[in-house]
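Input: a single structure, listed below in structure tokens.
In what follows, every chain begins at residue 1, and chains take the letters A, B, ... in the order their sequences are listed.
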Amino acid sequence: MTKTIEVRYYAQLKGILGKSSESLAFDLPANENEILRQLQSRYPEASEMLSLSRIAVDETYLSEDQIISDFESIDVITPVSGG
Amino acid sequence: MTKTIEVRYYAQLKGILGKSSESLAFDLPANENEILRQLQSRYPEASEMLSLSRIAVDETYLSEDQIISDFESIDVITPVSGG
Amino acid sequence: MAVIKTRNQIFPQPEQFLVRDSINRDILNQMVSHPKAGAVLLFEGTVRNHTHDSNQEVIALDYEAQASMAQKMIYSICQDVLQLSGIHAVAVQHRLGRVELGIATIVIAVSASHRHEAYLASRTLIDRIKHECPIWKREIFRDGSSQWSQGCTACSATEYHQPKQTKSPHNLV
Amino acid sequence: MAVIKTRNQIFPQPEQFLVRDSINRDILNQMVSHPKAGAVLLFEGTVRNHTHDSNQEVIALDYEAQASMAQKMIYSICQDVLQLSGIHAVAVQHRLGRVELGIATIVIAVSASHRHEAYLASRTLIDRIKHECPIWKREIFRDGSSQWSQGCTACSATEYHQPKQTKSPHNLV
């Protein structure tokens, strides 16, 4: 099925895409890599940055093999650099 | 030879001996253990505490095998507990 | 069975973990003070004038975060660290927005019975917060240009740079 | 060849390493601030209400030192630590006389390029100062009695207790 989800971008990725959030349709269920691939085919200019990124759904990082279908939001977390 | 040297005591040893310093005659040259043994025969009541102590001459710890004959002062350093 | 320690050992309130004003180390120190504590360790990350990524002179850093997620993660990391041996309290504040040269970007306070416990807890907190929490820094250079930091700039070059295969927050500790 | 760093990276003046008044951590922090520093670590040893040696409640500690020797040794340890990688400045103050519950007995500040260097330097300083310098503490109990601490009370029970055969300050680091 296809579901429209709020996606949020930060830092360098926000700069590359020129936006901090948008509503996008995703094919679900999907795991982290599948969500990233869907974003990469939409935004080839951010492909490398997305390949380094992690996905959080409803503000929790997805684990490697977790498959999700029902959630409200995606945060795309590029490599962090806090501290 | 015998030399009279200023000896200083601190902390628990000062309490056991009831004094913080005195002039004592030592048989020299001597190493750390020999100086401690001379103090132990004078003060059997402090023998155990002295066995745990280190000797500093002219404000520098003696190394294990150092032999000394010419110096001004002895500090008897019982196990330290700073910090 | 381990007793789960409660919020009154984690400071300040989670909504104060991320702040736009300067961090007061004395307040964090006071927050973690405890009659059983023989050691208090204050770690401060500070803005320095150079980075691994660039030869340019850095004059400030600018921080951005997924703030609500970062707050929850910092709280969860603090809970984990309170389970370590001998830890009495922890306090964390991290700056958002622009921070000038020499100023603290993060302060972490830990009180513990013994110093070894304090060092372990402090290092665990800073390492996990840096590697796991969704916070990003941009370096602002003397000439007015800027660039997003590539991974963890305060780490040495040989250190963990969050390669994808080991990025899970759950397999770091 | 290693460059021997100079006194202006060791604070305060040696005659201020041992003090009878309360220690101001903000002053020590300021002393070690450095434009190349990405990490500043403040270690504080504090008076806690119990010890390894006794079941009695501790209300204060009382410190004594061979002060001129301790000053020289702290300075020498600081010089050694400045030779470690990435260290910009160090500052040490240790209390003498009576120190009440919860109050800092020693504060050690270190600034370094990276946090790992700061932790290593800080631990080296506190471990060596505790194990090598001629400073002694007496525990003062609630009932008014007191006793000299047996070796290093802030260490865990399994840790180094200065057995005679390894006491040389020169074989610890």
Side-chain angles (χ1 to χ4, degrees), chain C residues 24-26 28-30 32-52 57-59 61 85-86 88 101-120 122-127 130 152-160, chain D residues 24-26 28-30 32-52 57-59 61 85-86 88 101-120 122-127 130 152-160:
Chain C
N24 185 323
R25 81 176 66 87
D26 294 318
L28 295 195
N29 183 282
Q30 184 57 40
V32 301
S33 79
H34 192 285
K36 291 186 176 175
V40 176
L41 203 58
L42 276 168
F43 172 84
E44 300 190 18
T46 51
V47 180
R48 61 199 174 108
N49 62 8
H50 63 294
T51 70
H52 294 296
E57 185 186 349
V58 174
I59 61 162
L61 297 175
S85 168
H88 299 299
L101 180 67
I103 304 300
T105 61
I106 183 169
V107 178
I108 292 175
V110 170
S111 63
S113 292
H114 308 102
R115 67 187 185 281
H116 305 87
E117 298 158 341
Y119 282 102
L120 176 62
S122 178
R123 286 208 55 161
T124 302
L125 282 164
I126 182 61
D127 286 354
K130 286 178 81 88
C152 175
T153 58
C155 297
S156 71
T158 56
E159 214 195 325
Y160 182 76
Chain D
N24 185 323
R25 81 177 66 88
D26 293 318
L28 296 196
N29 184 283
Q30 184 58 39
V32 301
S33 78
H34 192 286
K36 291 186 177 175
V40 176
L41 204 58
L42 276 168
F43 172 85
E44 301 189 18
T46 50
V47 179
R48 61 197 173 107
N49 62 10
H50 63 294
T51 71
H52 293 297
E57 185 187 350
V58 173
I59 61 161
L61 297 175
S85 169
H88 298 300
L101 180 68
I103 304 299
T105 61
I106 183 170
V107 177
I108 292 174
V110 171
S111 63
S113 292
H114 309 102
R115 66 187 186 282
H116 305 87
E117 299 159 340
Y119 282 102
L120 176 61
S122 178
R123 286 208 54 161
T124 302
L125 282 164
I126 182 61
D127 286 354
K130 286 180 79 89
C152 175
T153 57
C155 295
S156 71
T158 56
E159 215 193 325
Y160 183 76

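Side-chain atoms of C:R115 and D:R123, non-hydrogen and from C-beta on, never get closer than 4.5 Å to each other. Annotation: side chain of C:L41 is not in contact with side chain of D:L42 (no heavy-atom distance under 4.5 Å). Looking at heavy atoms from C-beta onward, D:N49 lies in side-chain contact with C:K36 at the 4.5 angstrom threshold.
Evaluation of the side-chain contact (heavy atoms from CB on, under 4.5 Å) rule for C:L28 yields C:I23, C:M31, C:A91, C:Q93, C:V107, C:A109 as partners, not counting sequence neighbours. Qualifying side-chain contact (heavy atoms from CB on, under 4.5 Å) partners for C:A37, counting only residues two or more places apart in sequence or in other chains: C:H34, C:H88, C:S111, D:T46.
In terms of heavy atoms, C:I126 sits closest to D:Y119 at CG2-OH, 3.5 Å.
With a 4.5 Å cut-off on non-hydrogen atoms, C:L101 touches chain D through its side chain but not through its backbone. Both the backbone and the side chain of C:D26 have a heavy atom closer than 4.5 Å to some heavy atom of chain D. With a 4.5 angstrom heavy-atom cutoff, C:V40 touches chain D via backbone and side-chain atoms both. Neither the backbone nor the side chain of D:T105 comes within contact range of chain C; no heavy atom of the residue lies under 4.5 Å from a heavy atom of that chain.
The most heavy-atom pairs under 4.5 Å with chain C, out of D:P35, D:A39, D:S122, come from D:P35.
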